[in-house]
Amino acid sequence: MTNKIDTTELKPKDFQSDQDVRWCPGCGDYSVLSSVQKVFPKLGIKKEDFVWIAGIGCSSRFPYYMDTYGMHGIHGRAPAIATGLKVARPDLSVWVSTGDGDLMSIGGNHFIHACRKNIDLKLILFNNQIYGLTKGQYSPTSEKGKVTKSSPYGSVDYPFNPTSLALGAEATFVARTLDRDVKHLQEMLLRAGEHKGTAFLEVYQNCVIFNDGAYTDYTDKETKAETIIKLEQGEPLLFGKNFDKGIKIDGFNPVVVDLNDGVHSIEDLLVHDEHDESPVRSFIYSHMTDHPELPTPIGVFRQIKRETYDEAVTRQIEAVTDKKGEGDLESLLFSGNTWEVE
Amino acid sequence: MTNKIDTTELKPKDFQSDQDVRWCPGCGDYSVLSSVQKVFPKLGIKKEDFVWIAGIGCSSRFPYYMDTYGMHGIHGRAPAIATGLKVARPDLSVWVSTGDGDLMSIGGNHFIHACRKNIDLKLILFNNQIYGLTKGQYSPTSEKGKVTKSSPYGSVDYPFNPTSLALGAEATFVARTLDRDVKHLQEMLLRAGEHKGTAFLEVYQNCVIFNDGAYTDYTDKETKAETIIKLEQGEPLLFGKNFDKGIKIDGFNPVVVDLNDGVHSIEDLLVHDEHDESPVRSFIYSHMTDHPELPTPIGVFRQIKRETYDEAVTRQIEAVTDKKGEGDLESLLFSGNTWEVE
Amino acid sequence: MAQEEKNGKPIEQLNDVTVMFAGDSGDGMQLTGTQFSDTTAFLGNDLSTLPDYPSEIRAPLGTLYGVSGFQLHFGATNVHTPGDNPDVLVAMNPAALKVNVKNLKPRGIIICNSDAFDAKNLKLAKYESNPLEDDSLSGYKLFPVPITSLTVAALKDCGLKPKEVTRSKNFFALGLMYWLFNEPLEPTLEWVKTKFKNKESVICGNEKALKSGYYYGENTQLFASRYKIAKAKLPKGTYKSISGNEATAIGLIAASKLSKLPLFLGSYPITPATDILHHLSKYKNFGVKTLQAEDEIAGITSAIGASFGGSLAITTTSGPGLALKTEATGLALMLELPLVIVNVQRGGPSTGLPTKTEQSDLLQAMYGRSGESPVAVVAATSPSDCFYMAIEASRLALKYMVPVILLTDGYIANGAEPWRIPHVNEFKEFEVTQRTDSEGFQPYDRDENLARPWAIPGTPGLEHRLGGLEKANITGAVSHDPENHHLMTEIRAQKIENMQNSIPDLEVDGDSEGKVLVIGWGGTKGSITEAVNDARKKGMKVSRAQLQYINPFPKNLGDVLSKFDNVIVPENNMGQLAKILRDKFLVPVIQFNKMRGLPLKTFEITEKIAEVLGGKND
Amino acid sequence: MAQEEKNGKPIEQLNDVTVMFAGDSGDGMQLTGTQFSDTTAFLGNDLSTLPDYPSEIRAPLGTLYGVSGFQLHFGATNVHTPGDNPDVLVAMNPAALKVNVKNLKPRGIIICNSDAFDAKNLKLAKYESNPLEDDSLSGYKLFPVPITSLTVAALKDCGLKPKEVTRSKNFFALGLMYWLFNEPLEPTLEWVKTKFKNKESVICGNEKALKSGYYYGENTQLFASRYKIAKAKLPKGTYKSISGNEATAIGLIAASKLSKLPLFLGSYPITPATDILHHLSKYKNFGVKTLQAEDEIAGITSAIGASFGGSLAITTTSGPGLALKTEATGLALMLELPLVIVNVQRGGPSTGLPTKTEQSDLLQAMYGRSGESPVAVVAATSPSDCFYMAIEASRLALKYMVPVILLTDGYIANGAEPWRIPHVNEFKEFEVTQRTDSEGFQPYDRDENLARPWAIPGTPGLEHRLGGLEKANITGAVSHDPENHHLMTEIRAQKIENMQNSIPDLEVDGDSEGKVLVIGWGGTKGSITEAVNDARKKGMKVSRAQLQYINPFPKNLGDVLSKFDNVIVPENNMGQLAKILRDKFLVPVIQFNKMRGLPLKTFEITEKIAEVLGGKND
Ligand SMILES: Cc1ncc(C[n+]2csc(CCOP(=O)(O)OP(=O)(O)O)c2C)c(N)n1
Ligand SMILES: Cc1ncc(C[n+]2csc(CCOP(=O)(O)OP(=O)(O)O)c2C)c(N)n1
Ligand code: SF4
Ligand code: SF4
Ligand SMILES: [Mg+2]
Ligand SMILES: [Mg+2]
């Protein structure tokens with residue numbers, strides 16, 4: 001419904017609210033904020049048509065810092081609030097910022113239902129693998145054995161893999177990026193913004209206070225070429241400092257091959273297709289993080305077309321109205337079995 | 001913790017409570033009930049160590065009909081109630097009966113968390129693709145376009161695939177069966193009962209009143225050989241009246257091949273391995289139902305070993321107690337910075 | 001009682017009659033009852049109905065817990081309840097007889113399907129011997145009729161399957177009742193034709209069953225007399241029979257039209273509220289958007305989202321669902337967004353008695369939220385009043401930018417009554433302003449009612465942020481300032497108090513001062529009215545009032561109460577309104593409380609009035 | 001005030017002093033405050049503390065909203081609150097000064113880190129000019145100290161990074177305060193050594209900073225005098241300083257030991273309740289099982305599961321979380337299973353003021369459930385009372401097989417006070433019976449308290465089913481019988497009433513009759529006690545009582561109230577207890593309400609007492 005308009009006059013600072021940003025110095029949330037403010041003018045949407053909804057958590061303070069319509073809701077419920085808004089107002093561009101506790105713990109149900117319903121929402125998960133705002137308890141994405149205030153002897157929970165869960169819940173757009181790779185982050189935000197349907201974007205976000213360094217391996221200059229693999233549409237899965245390693249599929253398992261080993265060539269590698277109708281391919285990507293020997297994929301895992309919930313609602317209303325004519329209250333009142341009293 | 005004991009003297013009728021069974025005549029729930037009552041004596045567990053927990057819904061009336069400890073809880077919360085019980089009492093065998101509304105709609109969050117935590121619970125989903133108890137609204141597993149009282153013009157939701165969701169949520173045991181295939185049903189109940197960890201068993205269950213015939217294709221004598229494929233450990237995926245068709249993998253997609261076409265042989269077929277560590281294989285199975293041209297798999301999709309939550313809790317308590325000695329209240333009270341007032 | 005002759009049978013004229021249709025859940029008793037009500041209403045009687053069905057969908061045949069009943073009270077005057085005790089019981093099987101005979105009036109009529117009184121059914125109903133044959137029913141006028149076999153015989157040529165044939169026996173019973181009460185078959189025959197258009201065999205079966213029942217009455221010498229009930233003196237107009245849930249649904253649509261706002265419903269099915277969702281989802285051509293949410297929390301939070309977006313936003317539920325919505329209700333009140341929460345009360349606590357009625361969610365509606373969190377609470381007093389109170393709830397929510405809880409209950413939600421249909425032009429349009437002017441805009445600015453401006457996304461220049469953290473008054477910035485918090489707490493309470501200025505005063509039926517005032521709220525209106533009328537007939541002097549507005553109370557309530565020596569508060573709970581009255585007005589009210597999952601019995605209230613009047617020696 | 005000479009400085013003897021430490025959230029103010037409290041307590045003073053921190057984790061440096069404070073009131077007598085207004089303010093930067101100076105007593109002492117008063121920080125604190133240099137602080141005794149630079153100089157040889165060095169400046173301030181109040185450094189030095197074992201450079205830094213602060217006081221001529229506070233007259237015994245949340249946690253462990261039941265906690269983190277989860281999860285060797293659940297609903301329902309399994313089951317939360325637990329609380333009450341729900345109240349409604357204190361969840365605790373659903377409600381009155389009330393809540397839950405809500409609040413949960421540690425043998429073991437005998441077992445049988453038997457899975461022969469549907473009394477079968485429902489509703493209410501037999505009568509401090517009774521509940525005890533003591537000092541005659549048991553009330557409460565002409569009810573809400581008192585006793589109580597997210601100010605209550613006493617012309 002959101003028709004692209006010319007918004008070239010909009011600038012990042014038009015999206016900056018007058019509130020002081022209150023995250024801890026060094027928090028990964030800052031880079032997401034400034035990236036969003038850079039990406040929004042590129043989406044061809046009027047400033048007043050953006051709405052930013054959030055739950056509770058550090059990441060959920062986001063709307064206060066955006067000079068758009070916004071709501072800081074209650075813990076875990078942002079996807080449901082956003083769903084109501086989008087169904088009521090398909091003309092708006094509705095974004096949600098949420099944390100791993102907010103979306104995956106208390107908000108898990110709304111998350112999976114938003115995915116399955118394919119409502120045209122952008123869900124940006126700030127995954128810092130910790131409860132930031134409540135000062136450091138392990139979250140559903142924390143690794144097993146994590147020592148925190150609520151797990152002084154190590155957590156005993158096996159974590160969720162957010163992208164796997166989204167895929168299991170039928171999400172039509174699944175992507176991952178890093179707070180520190182600003183260029184990629186912006187590209188992904190743009191892609192999420194352009195997708196029609198529930199767009200799930202996981203951002204690996206560093207919490208400097210309670211879980212500092214969770215993603216250092218993926219962001220450090222020295223290591224990132226070996227630990228991260230960028231998915232690019234139509235391209236073979238290549239990584240490594242010199243792009244001399246790749247991912248090939250063995251049975252259902254992705255394995256690393258060395259292109260210099262004299263045995264393998266680029267032809268052996270898996271070629272990325274984000275539009276693959278089957279979610280199996282992206283499920284393979286999502287599970288690569290289970291294996292320390294494999295690089296962690298970032299990029300768009302999956303992006304397929306499917307009627308959105310809000311479109312379907314509108315379509316149905318139009319169809320019924322076409323058939324029955326616009327509802328008239330007087331006739332509704334007087335419909336059915338009536339009788340007269342004189 | 002549940003040590004197998006000799007319970008040969010237990011009979012199905014020992015598990016029948018004195019309450020009249022109040023489901024509609026012809027409801028698929030009856031066969032699950034009698035199957036459970038047949039399987040329980042085979043599990044080597046003392047009668048008093050079984051607990052049956054449920055939420056709200058037709059299927060959730062189950063505990064009333066079982067002469068075990070039981071609880072008819074509140075809508076959607078059975079997995080959480082059961083989690084608390086099992087963590088507190090790892091010696092018990094804890095079972096949950098639940099509906100597609102109970103588990104997948106209001107209870108979605110507890111469901112996915114139970115899967116990920118791998119608590120030693122048996123979750124038996126009575127999937128009739130409808131809200132039975134509230135008299136026929138579409139559920140999260142109803143097909144899109146379903147006409148019900150709350151969707152007179154057809155529902156606009158894309159449904160969940162319960163097995164996909166369980167896999168996306170890291171479940172260690174995922175299986176599917178049919179209310180009408182009593183032998184298979186009992187086999188699956190036994191398998192679920194024997195698994196250590198969260199066992200998720202989806203039962204395709206017919207609601208004669210509000211969604212009659214949802215699974216006729218899978219249960220009718222004439223069609224079932226073509227529409228159902230039984231997964232058997234170590235066996236190739238064969239189906240058809242004469243077992244002359246099979247499933248082969250093409251890329252990531254399962255396709256049907258005709259073993260009589262002169263081209264394909266049994267060697268081309270996918271061989272089932274329920275213990276495959278990677279959940280990708282079972283994700284392929286779970287998505288076969290998206291494709292009308294493919295048969296629907298029943299059987300154990302996946303069964304892997306992973307420490308259960310309740311075991312981990314116990315292990316941690318033992319380790320800490322070993323290290324610190326059993327807690328003494330008097331010393332706890334007088335620990336820390338104390339001073340004397342004379 | 002005038003006597004009249006027709007077809008050889010004397011016709012007795014009655015003022016009002018209560019009839020109970022009872023049978024297995026599959027016996028079609030709800031349909032039979034509804035048809036009978038419609039015809040009765042059509043004839044100009046006033047009426048009130050009480051459907052009562054088991055929580056099982058199709059409880060096994062013949063069981064006591066599987067009995068489904070439909071009680072109907074109709075008459076020329078004084079019809080405000082479905083009746084304490086039936087005059088006539090139609091029992092399709094032994095279980096239906098067993099469950100209902102204890103409520104029947106002494107010397108009441110029992111019509112029963114004697115075919116169903118076989119050994120199996122008697123055993124299921126836990127009868128030791130056949131009550132049609134032993135003497136146990138000698139206190140009643142018993143009419144055993146072989147309904148099944150007569151129906152089978154009558155329908156043999158319609159081409160129906162045996163199962164379909166026996167399923168038509170309810171229409172035989174209905175026909176017999178039409179004969180007994182001297183009512184025409186035509187309305188039902190019409191209905192059958194429209195309903196089963198193109199299903200000739202079904203039309204045939206229903207017609208034949210209905211007619212054979214009627215002729216059976218006419219031809220047999222079973223009944224000594226027939227009955228006739230005079231037309232009620234009802235205000236002139238076009239009427240229809242309406243249930244509370246239906247009335248709520250169309251009331252909300254009316255509110256949407258009156259406010260010129262699109263209607264959004266976020267809801268999760270729960271008995272007995274689900275029908276509102278069912279009704280509203282039919283009206284897509286009114287632009288109504290219904291979202292069957294994943295749970296109650298998503299139901300209300302999606303409505304909050306829609307309200308932020310500028311819709312008239314609604315969520316509907318019953319007790320346990322309201323419990324789940326409390327956190328989000330707190331959010332809506334903090335955001336100061338309009339929201340209507342409809343709670344159809346049922347028997348509690350917990351799952352309780354889900355298909356039974358009760359008024360026990362009042363305290364939850366008033367106080368069931370964290371923090372100081374006043375919301376408006378209104379209640380509907382009858383099925384058709386649900387229509388008006390749905391409009392009122394919406395009007396107040398929009399005017400004061402607050403959540404409003406509308407309480408109805410299972411009894412008025414499922415029960416039906418004749419309703420004089422109002423014309424659209426009888427209603428004032430709501431004055432709703434959505435802010436568009438950015439000049440001087442402040443999100444927590446206040447109008448004369450203390451309401452803040454509603455500025456919806458898509459409006460250029462009004463971009464602002466709402467949230468559940470305490471807000472500075474006027475600017476809406478997050479504020480931890482202690483004095484601001486106290487101020488905002490007062491403002492939120494004051495907004496609700498201010499509503500007193502736009503709600504009507506409480507009307508007293510009877511003298512405005514005296515010895516006894518009986519005051520109730522919501523769905524007990526019928527019982528209390530009938531009880532007070534009965535008491536007056538017995539010469540007692542007693543006044544009556546029924547509250548529709550509970551938070552805030554009508555301005556004159558304190559005054560009203562102060563004019564009476566005794567205030568009796570009958571409630572279908574343990575005294576929840578009584579608590580609030582004592583708290584607010586320090587009056588030692590006299591409670592009358594029953595928790596039986598049923599409407600209050602008229603005669604018990606009348607007894608209470610007598611006791612209070614008699615107990616005072618003056 | 002006795003004067004004494006030491007090291008050339010006069011030593012002033014004070015009865016009690018209130019000190020506020022304030023700085024950036026990263027400045028370590030909470031730690032500084034805690035150390036100062038511990039040392040003070042160790043010296044034998046009575047004390048009370050109030051930590052106050054922003055809801056941001058590390059708000060940007062120097063901002064007004066980023067100020068973290070720790071207020072501490074210590075003295076020889078009359079220490080019941082953290083003090084209305086500080087006598088001494090330690091401000092580490094301009095923002096800390098700005099935020100706190102308005103509360104400082106006239107002529108109060110300000111010690112501030114003059115190094116931090118640079119242009120940038122002044123701007124962040126929104127100061128137009130430097131308050132150390134303009135005349136704006138002339139009403140106070142101002143002591144600017146270049147704390148940062150002095151610390152840097154002192155620590156140069158410790159081998160710390162520059163960031164670590166400046167982070168030690170709080171210990172300089174602490175040392176200076178020790179000097180000013182004539183307190184020893186040893187306890188803190190000890191603590192440093194244990195805490196940072198093997199981190200030599202950190203120990204060095206902290207020691208040096210602390211000592212240089214102390215010597216700075218000794219060496220400079222800045223202060224005209226030093227102060228000393230006499231030991232408080234406290235009962236003999238071993239003491240420790242304890243916060244409410246810690247006390248709740250160990251109280252629950254004590255209850256587990258006294259009942260010989262394993263402890264299970266199902267909880268979801270929420271400020272200010274999370275620390276109870278933190279504490280309990282440390283005590284694995286007490287067999288404590290803590291489950292960090294996916295949400296509040298799973299927190300309570302997992303506890304219900306554990307309770308079914310025979311554990312002492314607990315769930316902990318704060319306001320919005322309690323709202324989410326209401327449906328499940330109804331289930332527990334219907335199942336008649338023991339359950340303790342701890343609610344640490346915070347500023348509401350909705351997210352409200354999450355780090356501030358309030359008493360506004362009382363009505364939610366009392367009435368926030370669907371249906372007629374009475375549960376027991378108790379409240380702790382001080383940090384250490386949390387220990388006793390956690391035991392009481394557990395005892396009542398187990399004895400009556402009901403959910404019990406224990407209300408504490410952010411102030412007593414985070415605040416600390418010296419606690420005379422009781423010995424285990426001072427407590428009676430609970431008599432808990434879990435049924436094992438299958439002879440005549442009925443799941444809803446009743447004992448003399450109306451409690452039903454607790455039969456836990458694993459017990460042969462007692463297999464039975466519980467559930468949220470209404471149950472037949474005694475047998476526990478699902479029942480739709482109207483009279484049974486009424487009966488069960490009464491039984492559930494009566495069970496709570498029966499608790500009056502096993503809770504203590506309310507004690508009145510002061511005369512048991514008279515003109516004015518000040519009655520409070522829960523965490524306002526300190527403020528009210530101090531206010532009443534002050535009023536008495538001023539010659540007013542006034543009595544005082546504090547409720548710990550709210551549902552049911554102590555048996556004698558009606559009597560107590562009836563003996564006074566006026567009843568003042570100060571509450572940190574808009575009058576929630578007042579409502580209940582009016583409802584139950586029809587007494588026209590006088591409300592005193594503040595909603596500022598802070599403990600009630602003592603002097604305001606005293607004023608209210610004076611007003612009420614003065615307002616009556618006799
Ligand atoms: C109903 C409710 N329960 C609990 C909380 C407390 N709470 C606030 S944020 C949060 C979790 C924060 O973690 P996350 O979602 O990962 O966000 P982050 O702060 O890490 O960005 C919790 C438990 C709350 N505000 N409301
Ligand atoms: C909190 C709450 N919300 C709603 C309901 C109403 N309700 C009871 S069962 C049910 C859904 C039943 O569907 P399902 O779980 O599929 O079970 P089935 O009856 O089909 O076996 C609903 C919506 C309830 N009891 N409690
Ligand atoms: S606590 Fe962590 S996530 Fe929260 S603002 Fe600070 S660094 Fe960011
Ligand atoms: S309504 Fe459907 S699911 Fe429920 S008992 Fe009847 S047939 Fe079974
Ligand atoms: Mg997080
Ligand atoms: Mg179902």
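Keep in mind the model is a prediction, meaning the values are calculated, not measured.
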**Student:** Relative to the ring of B:Tyr69, is the ring of D:Phe308 parallel (under 30°), tilted (30 to 60°) or perpendicular (over 60°)?
**Tutor:**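 Because their plane-to-plane angle is over 60°, the rings of D:Phe308 and B:Tyr69 count as perpendicular.
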**Student:** Checking heavy atoms, do the side chain of D:Ala41, its backbone, both or neither come under 4.5 Å from chain B?
**Tutor:**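 Answer is both: backbone and side chain atoms of D:Ala41 are under 4.5 Å from chain B.
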**Student:** Do B:Glu340 and D:Thr238 meet the criterion of a side-chain donor-acceptor pair at a distance under 3.5 Å?
**Tutor:**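 The criterion, which ignores hydrogens and geometry beyond distance, is satisfied for D:Thr238 and B:Glu340.
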**Student:** Between B:Ile112, B:Asp67, B:Thr83, which shows the greatest number of heavy-atom pairs under 4.5 Å with chain D?
**Tutor:**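 It is B:Asp67.
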**Student:** Measuring heavy-atom distances to chain D, does B:Tyr309 have an atom under 4.5 Å in its side chain, in its backbone, in both, or in neither?
**Tutor:**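 B:Tyr309 touches chain D through side-chain heavy atoms alone.
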**Student:** Heavy atoms, side chains only, cut-off 4.5 Å: are D:Val424 and B:Glu330 in contact?
**Tutor:**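 Of all side-chain heavy-atom pairs linking B:Glu330 with D:Val424, at least one is under 4.5 Å.
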**Student:** Is the side chain of D:Asn285 donor-acceptor paired with the backbone N or O of B:Val320 at a distance under 3.5 Å, no angle test?
**Tutor:**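 Here the side-chain-to-backbone pair does not exist.
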**Student:** Got B:Leu329 and D:Lys257 here, is their nearest side-chain heavy-atom distance under 4.5 Å?
**Tutor:**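 Side chain of B:Leu329 against side chain of D:Lys257, heavy atoms only: contact under 4.5 Å found.
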**Student:** So which of D:Ile304, D:Val478, D:Thr301 has the biggest tally of heavy-atom pairs under 4.5 Å with chain B?
**Tutor:**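 Option with the greatest count: D:Thr301.
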**Student:** May I ask you to test the B:His113-D:Asp295 pair for a side-chain heavy-atom distance under 4.5 Å?
**Tutor:**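 SC-SC contact between B:His113 and D:Asp295 ruled out.
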**Student:** With only heavy atoms counted, which part of D:Pro457 is less than 4.5 Å from chain B, the side chain, the backbone, both or neither?
**Tutor:**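 Both backbone and side chain.
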**Student:** Could you check B:Glu48 against D:Leu462 for side chain to side chain contact (heavy atoms under 4.5 Å, CB included), going step by step and ending with a plain yes or no?
**Tutor:** CA-CA 8 Å; B:Glu48 63 268 23; D:Leu462 300 190; over 6 Å; no
**Student:** Which bit of B:Lys117 is near chain D, if near means a heavy-atom gap under 4.5 Å: side chain, backbone, both or neither?
**Tutor:**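 The answer is the side chain of B:Lys117.
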**Student:** For B:Asp322, which atoms come within 4.5 Å of any heavy atom of chain D: side chain, backbone, both, or neither?
**Tutor:**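 Contact with chain D involves no heavy atom of B:Asp322 at all.
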**Student:** Can you confirm whether D:His423 sits close enough to B:Phe334 that some side-chain heavy atom of one is under 4.5 Å from a side-chain heavy atom of the other?
**Tutor:**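 Yes, at least one pair of side-chain atoms sits under 4.5 Å.
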**Student:** Do the side chains of D:Leu331 and B:Arg77 get nearer than 4.5 Å, heavy atoms only?
**Tutor:**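 No - every pair of side-chain heavy atoms lies 4.5 Å or more apart.
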**Student:** Measure the shortest side-chain to side-chain distance between B:Val87 and D:Phe264 over non-hydrogen atoms and say whether it is less than 4.5 angstrom.
**Tutor:**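 Result yes, sub-4.5 Å side-chain heavy-atom pair found.
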**Student:** Please flag which part of D:Leu43 lies under 4.5 Å from any non-hydrogen atom of chain B: side chain, backbone, both or neither.
**Tutor:**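 It is neither, since no heavy atom gets under 4.5 Å.
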**Student:** Could you check if a side-chain atom of D:Lys240 sits within less than 4.5 angstrom of a side-chain atom of B:Asn337, using non-hydrogen atoms only?
**Tutor:**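 Counting from C-beta outward, D:Lys240 and B:Asn337 never come under 4.5 Å.
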**Student:** Heavy-atom cut-off 4.5 Å, strictly under: side chain, backbone, both or neither for D:Ile242 against chain B?
**Tutor:**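 Neither part.
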**Student:** What part of D:Tyr283 is in contact with chain B, defined as an atom under 4.5 angstrom from a non-hydrogen atom: side chain, backbone, both or neither?
**Tutor:**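 For D:Tyr283, the side chain is the part near chain B, not the backbone.
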**Student:** Under 4.5 Å heavy-atom distance to chain D, tell me which part of B:Arg61 shows up: side chain, backbone, both or neither.
**Tutor:**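 Contact with chain D involves the side chain of B:Arg61 alone.
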**Student:** Mark yes or no for whether D:Arg465, through its side chain, and B:Met66, through its backbone, hold a donor-acceptor pair below 3.5 Å.
**Tutor:**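 Here the side-chain-to-backbone pair exists.
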**Student:** Give, as side chain, backbone, both or neither, the part of D:Ser241 having an atom under 4.5 angstrom from any heavy atom of chain B.
**Tutor:**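 Its backbone and side chain both get close to chain B.
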**Student:** State, with a plain yes or no, whether a side-chain heavy atom of B:His72 is found less than 4.5 Å away from one of D:Leu466.
**Tutor:**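 Sidechains of D:Leu466 and B:His72: no contact.
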**Student:** With only heavy atoms counted, which part of D:Pro187 is less than 4.5 Å from chain B, the side chain, the backbone, both or neither?
**Tutor:**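 Neither part.
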**Student:** Is it the side chain or the backbone of D:Ala313 that comes within 4.5 Å of chain B heavy atoms, both, or neither?
**Tutor:**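 Interface part for D:Ala313: neither.
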